[in-house]
2 protein chains.
Amino acid sequence: MEKKDIHNSEVPVICRSCEARHRGICGVLDPDQLMKLGKQTTKQVRRADEELISAGSDVRTYSNIMSGVVKLTKLMADGRQQIVALQFAPDFMGRPFHSQSEISAEAATEVRLCSFPASTLESLIAESPELERKLHEQNLKELDEARDWMLTLGRKTASEKIASFFYMIANHVDPELEVGNGPVKFDIPLKRADIADFLGLTIETVSRQITKLRKAGVFEIENNRTVIVPKMSKLKNACEVEH
Amino acid sequence: MEKKDIHNSEVPVICRSCEARHRGICGVLDPDQLMKLGKQTTKQVRRADEELISAGSDVRTYSNIMSGVVKLTKLMADGRQQIVALQFAPDFMGRPFHSQSEISAEAATEVRLCSFPASTLESLIAESPELERKLHEQNLKELDEARDWMLTLGRKTASEKIASFFYMIANHVDPELEVGNGPVKFDIPLKRADIADFLGLTIETVSRQITKLRKAGVFEIENNRTVIVPKMSKLKNACEVEH
DNA sequence: CGACGCCTTGATCAACTTCAAATTTTGTGG
DNA sequence: CCACAAAATTTGAAGTTGATCAAGGCGTCG
């Protein structure tokens with residue numbers, strides 16, 4: 001018992017200040033494994049708009065997101081673009097077992113990453129089924145999110161899309177804050193052009209619909225970036241308006 | 001060696017005629033495991049439009065698709081609907097480790113299923129990491145497909161959406177037939193209303209765009225259901241038209 | 001200050017939807 | 001096999017939504 005406690009305190013220096021340590025994939029690692037991973041790990045800070053993974057490149061490094069927001073984008077030959085997912089701390093970034101699809105990752109805000117070689121993760125997976133399970137569970141979550149968003153892209157109006165986007169961000173900013181109806185305040189992590197690429201709209205339509213919802217009292221906006229939602233129920237209703 | 005051969009031939013009767021046996025999740029099971037699963041398994045045939053899994057229900061049965069096409073749909077309160085995925089043989093159907101998202105599954109065509117209790121699968125997973133890996137890989141594939149489709153929904157025109165849909169079906173009908181440029185013939189597994197729900201369009205727009213592409217010589221149609229693509233390259237080009 | 005990036009607003013336009021009706025296909029009973 | 005009803009698809013005309021084109025405002029940074 002004593003020994004175990006001592007052992008437990010042997011956490012890599014690099015991990016000690018990590019708020020995501022218990023929530024991300026690191027949460028399922030035992031202290032030895034965490035040490036092994038920690039030794040190979042480097043922290044990095046990337047500024048907004050930096051490209052983290054470019055489409056088609058062979059990624060031999062994986063990362064955990066410690067803070068900030070990452071956007072995953074798909075690009076068509078003529079320049080049309082679609083953001084297919086947003087990732088937040090403590091999400092795992094990178095695709096084990098290769099991927100046929102061409103996706104690139106970009107920092108949407110300033111992002112702090114914890115990066116390590118793919119081979120290290122792969123050897124940890126081999127010795128720990130829980131780690132594979134954890135990755136599997138994140139993928140299942142991402143699949144659910146992708147499908148939710150398909151409904152938004154395919155069937156919602158521009159105004160509902162904006163409301164749905166704000167609703168999703170509001171819930172991500174404060175995950176423990178359940179659908180408490182009280183006021184919620186947060187910064188939009190994307191600029192208008194990114195919101196447009198996420199929702200399948202143009203920046204002009206995004207701007208107009210934000211104005212419309214603001215005037216309808218669904219939320220207020222400060223400095224173009226900070227959103228205040230007085231009543232979450234009202235925002236939620238705006239995500240799916242009956243005729 | 002002799003013994004192993006005998007053992008290998010002890011494949012459940014129910015599996016012997018299954019074309020999907022080596023490709024789906026069953027492909028990673030050893031003969032003992034296959035026997036165990038086979039004993040709990042029932043075959044069923046469901047007709048087109050039957051509901052297989054209803055949104056929000058607690059699914060205690062999983063299935064492998066032996067033939068036919070299954071559509072996964074999401075429904076809004078006011079009736080708007082989006083098909084978020086199509087599944088083909090030998091896909092695994094069901095969601096291990098629960099799901100927060102409300103999806104229902106319906107037979108798009110006549111479907112033959114191989115069904116077994118969730119608990120059986122879960123105990124097989126516990127003893128075979130390869131099985132979990134196989135399920136994980138299918139989920140990764142589904143995630144890639146979902147994100148590809150998000151680009152289609154968010155950024156493609158009606159005409160490109162139709163072409164993309166036909167292109168996807170053509171590739172699924174004959175997976176071993178690589179992008180051979182020669183003529184491909186297949187049946188559309190969905191009726192117009194389903195195509196509309198898959199592409200985020202109305203049936204009228206689907207009909208008009210199909211007519212347009214047909215008149216442009218991208219494909220021919222027989223009996224409203226059978227499509228003949230003379231040149232796959234032409235269909236592929238129609239998936240992403242430069243201005 | 002002036003230039004640049006970002007966002008908003010206005011006017012016009014095109015794509016897609018909606019509403020309505022005709023036509024074709026499919027299924028059923030005689 | 002035909003007749004007929006029901007379902008599915010196509011076609012047409014008009015209406016809306018969101019895109020496009022074009023300016024103008026605001027804030028930041030050199």
Side-chain angles (χ1 to χ4, degrees), chain A residues 47-50 76 78-82 108-109 152-166 187-216 219-227 238 241 243, chain B residues 47-49 71 76 78-82 108-110 152-166 187-216 219-227 238 241-243:
Chain A
R47 321 210 73 216
D49 294 328
E50 275 191 67
M76 289 171 67
D78 62 359
R80 281 176 284 177
Q81 197 169 18
Q82 176 71 44
T109 62
T152 301
L153 287 173
R155 288 304 186 196
K156 291 192 181 176
T157 64
S159 164
E160 291 171 331
K161 284 178 177 181
I162 295 291
S164 301
F165 171 67
F166 280 16
D187 275 15
I188 311 171
L190 305 184
K191 59 183 74 160
R192 298 295 184 271
D194 287 334
I195 300 176
D197 281 343
F198 193 38
L199 296 173
L201 300 170
T202 59
I203 51 173
E204 294 94 333
T205 301
V206 169
S207 179
R208 275 187 258 266
Q209 298 302 327
I210 289 178
T211 303
K212 190 181 130 195
L213 290 169
R214 191 167 46 69
K215 286 184 176 161
F219 48 72
E220 295 155 46
I221 295 203
E222 283 171 5
N223 307 322
N224 273 345
R225 276 271 168 163
T226 307
V227 177
V241 182
H243 299 303
Chain B
R47 319 211 73 214
D49 294 329
K71 54 189 187 191
M76 289 172 68
D78 62 0
R80 280 176 284 176
Q81 197 169 19
Q82 177 70 45
T109 62
E110 179 175 289
T152 301
L153 288 173
R155 288 305 186 196
K156 292 194 181 174
T157 64
S159 164
E160 291 171 331
K161 285 178 178 181
I162 296 290
S164 302
F165 171 68
F166 280 14
D187 274 16
I188 311 172
L190 305 184
K191 60 182 74 163
R192 299 295 184 271
D194 286 334
I195 299 176
D197 281 342
F198 193 38
L199 297 172
L201 300 170
T202 59
I203 52 172
E204 293 93 334
T205 301
V206 169
S207 177
R208 277 187 257 267
Q209 298 303 327
I210 288 179
T211 302
K212 190 182 130 195
L213 290 169
R214 190 167 46 69
K215 286 184 177 161
F219 48 71
E220 296 155 46
I221 296 202
E222 283 171 5
N223 307 323
N224 275 344
R225 276 269 168 163
T226 307
V227 177
V241 182
E242 303 275 339
H243 298 303

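By convention in this document, chain letters (A, B, ...) are assigned in the order of the sequence lines, proteins followed by strands, and residues within each chain are numbered from 1.
Here the C1' atom of nucleotide dC19(C) and the CD1 atom of I203(B) are 12 Å apart, to the nearest Å. Rounded to whole Å, atom P of dG25(D) lies 17 Å from atom CZ of R208(A). In this structure, the CZ atom of R80(B) is 13 Å from the C1' atom of dT17(C), given to the nearest Å. In this entry the distance linking NZ of K215(A) with C1' of dT8(C) reads 10 Å, nearest Å. One interatomic measurement links the two molecules: CG of L153(B) to C1' of dC16(C), which rounds to 15 Å at whole-angstrom precision. Atom CD1 in I162(B) sits about 12 Å away from atom P in dT9(D), given to the nearest Å. Between L201(A) atom CG and dA14(C) atom P there is a gap of 20 Å when expressed in whole angstrom units. Rounded to a whole Å, the CG atom of D197(A) is 13 Å from the P atom of dC6(C).
Side-chain contact between I188(A) and I195(A): present, with at least one pair of heavy atoms (C-beta onward) separated by less than 4.5 Å.
A salt bridge links K191(B) to D49(B): one of the charged nitrogens lies within less than 4.0 Å of a carboxylate oxygen.
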Next on the checklist: Working note: R155(A) + D197(B), criterion side chain to side chain contact (heavy atoms under 4.5 Å, CB included); need CA distance, chi angles, decisive distance, verdict.
Outcome noted: CA-CA 8 Å; R155(A) 288 304 186 196; D197(B) 281 342; 2.9 Å; yes
Next on the checklist: Between R192(A) and I210(A), is the side chain to side chain contact (heavy atoms under 4.5 Å, CB included) condition met? List the steps.
Outcome noted: CA-CA 10 Å; R192(A) 298 295 184 271; I210(A) 289 178; 3.8 Å; yes
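Residue T157(B) has no polar side-chain atom (N or O) positioned under 4.0 Å from OP1 or OP2 of dA15(C). Contact annotation: N223(B) side-chain N/O to dT9(D) OP1/OP2 distance is not under 4.0 Å.
Listed nucleotides: dT10(D), dA19(D), dC16(C). Nearest to the side chain of A158(B): dC16(C). With dT17(C), dC6(C), dT20(D) as the candidates, the nucleotide lying closest to the side chain of T205(B) is dT17(C). With distances taken from any side-chain atom of T202(A) to the nucleotides dC6(C), dA19(D), dT9(D), the minimum falls on dA19(D).
F166(B) and F219(B) have tilted rings, their planes meeting at an angle from 30° to 60° on a 0 to 90° scale.
With hydrogens and angles ignored, no donor-acceptor pair under 3.5 angstrom links the side chain of Q209(B) to the base of dC16(C). If you check distances only, the side chain of E204(B) does reach the base of dC19(C) with a donor-acceptor pair under 3.5 Å.
Of the two residues near DNA chain C, I210(A) and R155(A), the one whose nearest nucleotide lies more 5' is I210(A).
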